[in-house]
Amino acid sequence: MERKHMSAFALYQTLSIDEPPPVKKPPPQVPAKKKKKKENGVAANKVNTVKAQMKAERKKMRKKLLKSAQMEESLKGKTEKQQQQECVNGDDGEALDALLADLARVNNSRDRASQLFQWLINPVPAKAFFRETWEKKPILVQRKNPDYYKGLFSTAEFDRILREEDVQYGVNLDVTSYTNGKRRTHNPPGRALPFTVWDFYGSGCSLRLLNPQAFSSTVWNVLSILQEQFGSMAGANIYLTPPGTQGFAPHYDDIEAFVVQLEGKKHWRVYNPRTDDEVLPVLSSPNFNQADIGRPILEVVLEAGDLLYFPRGFIHQGDCLPDAHSLHITISSYQKNSWGDLLQKVVPAALEIAMEEDVEFRQGLPVDYLTYMGVQNSDKDDPRRTKFFSRIESLIRKLKNYAPVDAAVDQKAREYLHDCLPPVLTAEELASSVQGAPARWECGQVVDVGTRINTQTQVRLLRAGCARLCSDGEAVHLCYTTDNSRVYHKEEPKSFEIKPEHTDAIEFLIHSYPKFVTVGSFPCDSAEDRVALAELLFERGIIHTAEPL
């Protein structure tokens, strides 16, 4: 059946519930001169009606703004006296572009990540944050400096991305609304073009850019640095919300969230996990009703330059005040990075090894165990049940002797390296890596195509965590991030098999970082092997040289 075309606003009206956002009235048209005399009385009445409506709307807006201001003052008072939160006043921040330029000169990428994270949460000391706050409670940083995060992202950048990039609804952008307790998504199919997207926004819908790192080089740079701080993928979403609206229902997430306010302001409420089972949850929650979540432990208006952190499991919701839009970025990490996630890899592998090596794990179950075990027999006072549980406990204790913990960690590491963003290269790194190699077409022929690495060439890894040796039990592979895509999992995991005689040289390179070492110092059997390995790593973009080749 052919579907009738509808504008974004018309679509929004059909999907919205009782109270759709107000529509801006077009300016009153001036009647044609030849009709002016004839319709003078009607025109005058229309003008008077429009003036009366505009006057009423201005009066209504003044009341809203007054209420908004009173609400902010009330919230500020609560912040200081009543709320269960930690609040610190931050100092002025260094401009982001200057900070990133300074960080590019830091020799060690782990130090670079540590310094950028400290900037993100400044003035809260990072060590104190991980000791006292991380995974435990929300924290609020109010800076009174709207330019602290300036340069990270903006509505102007959002508009540029819509105009210049292939942004797809549902893949890169969600259009949402939350009215009368109902959350709705209004994504049409296909590409998100500015005309339709801004029509949605003007109708009161929120816009969520799902993977800004794919479109913004600054966000990509920041996240690619921070992922080494967490040892886990750092992701981000951008949220643009119109004044006086809310885009999402109360819910909790399965990630550690750093809400960075970039423009405007937003009213936030954060709630404790409802039960012990929802502390540090494995999965995000469904949408909650207000009656499900109790009273907030933190209520605040975030302004540009402020930061709000809350752990996974803390319910939250944000809405815009009537007098300002909101643009914020949520930086996230630590999804599926728990002890339980590691043990899900350890325990099955341990059982497989134990059954191969220990006859106790291969011995048969008692012939009659179904007659006294299981739910239907759980209330029986049977000594055979006690003996059965004792045997299970003994086998579990023995299982730890077969646990391949390092191999399981390597599985987690492979997943992490696949999740990672590729590094953003500095000018010096570009000139000294394969991406800046001088090979080119000139005067009808290819020139400078050879890498010209020799035993005296000094090399090191491009980043501390950009490569890792992993074994699948049969062969050793080098997994790496430098060929990853800025789009999550767009590329297959990057790895290649390492010859057994080269594993010591790879370990030597990894553990030597951030120092440059000569190719001749690689612990290989021959100079030819050393140079061949260095050329392979260089061509894959895993190492760079101390000086451009």
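The chain is numbered in sequence order, starting from 1.
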(request) Quick one: pull up OG in Ser114 and CG in Asn108 and give me the separation to the nearest 0.5 Å. (result) 10.0 Å

(request) Enter the distance from Leu226:CG to Trp119:CH2 here, rounded to the nearest 0.5 Å. (result) 8.5 Å

(request) Please work out whether the ring planes of His186 and Phe200 are parallel, tilted or perpendicular, with thresholds of 30° and 60°. (result) parallel

(request) Test Phe496 against Tyr480 for ring-ring contact (aromatic ring centres under 6.0 Å, His included), laying out the working first. (result) CA-CA 9 Å; Phe496 57 93; Tyr480 61 102; 5.8 Å; yes

(message) Applying side-chain contact (heavy atoms from CB on, under 4.5 Å), can you list everything that pairs with Leu280, at least two apart in sequence or on another chain?
(response) Glu135, Glu256, Arg312

(request) Hey, could you give me each pair passing ring-ring contact (aromatic ring centres under 6.0 Å, His included) that has a residue in residues 368-394? Not counting sequence neighbours. (result) none

(message) Is the distance between the ring centroids of Phe248 and Tyr178 under 6.0 Å?
(response) no

(request) Measure across Cys470 and Cys479 and return the closest heavy-atom pair with its distance rounded to 0.1 Å. (result) SG-SG, 4.1 Å

(message) To the nearest 0.5 Å, what is the distance between OG1 on Thr482 and CG on Leu461?
(response) 10.0 Å

(request) Mind checking side-chain contact (heavy atoms from CB on, under 4.5 Å) for Val517 and listing every partner two or more places apart, or none if nothing turns up? (result) Phe508, Leu509, Ser512, Ser521, Phe522

(request) Output all residues satisfying side-chain contact (heavy atoms from CB on, under 4.5 Å) with Pro125, sequence neighbours left out; order by chain, then residue number. (result) Ala128

(message) Consider side-chain hydrogen bond (donor to acceptor under 3.5 Å, both in side chains). Of Arg460, Glu428, Gln435, which one does His544 pass it with?
(response) Arg460

(message) Given 3.5 Å as the limit, does a donor-acceptor pair link the side chain of Arg143 with the main chain of Asn122, or not?
(response) yes

(request) Quick one: list whatever passes side-chain contact (heavy atoms from CB on, under 4.5 Å) with Ser471, sequence neighbours left out. (result) Val476

(request) Give a yes or no answer on whether the side chain of Ser216 reaches the backbone of Val219 with a donor-acceptor pair at less than 3.5 Å. (result) yes

(request) With rounding to the nearest 0.5 Å, note down the distance linking CG in Asn377 to CE in Met373. (result) 8.0 Å

(message) Taking the ring of Trp134 and the ring of Tyr334, is the distance between their centroids below 6.0 Å?
(response) yes

(message) Check this for me, if you would: do Asp410 and Arg468 make a salt bridge, where the nitrogen-to-carboxylate-oxygen distance has to be below 4.0 angstrom?
(response) yes

(message) So that I know where these two stand, are His316 and Phe310 an aromatic pair - ring centroids less than 6.0 Å apart?
(response) yes

(request) Could you grab the distance from atom CD of Glu360 to atom OG of Ser394, nearest 0.5 Å is fine? (result) 5.5 Å

(message) Suppose we call two aromatic rings close when their centres sit under 6.0 Å apart. Are Phe117 and Phe129 close by that rule?
(response) yes

(message) Going by salt bridge (charged side-chain N to carboxylate O under 4.0 Å, His left out), name the pairs with one or both residues in residues 472-493, residues two or more places apart or in two chains.
(response) Glu491-Lys494

(request) From the options Asp174, Thr185, Thr176, select the one residue that forms a side-chain hydrogen bond (donor to acceptor under 3.5 Å, both in side chains) with Arg208. (result) Asp174

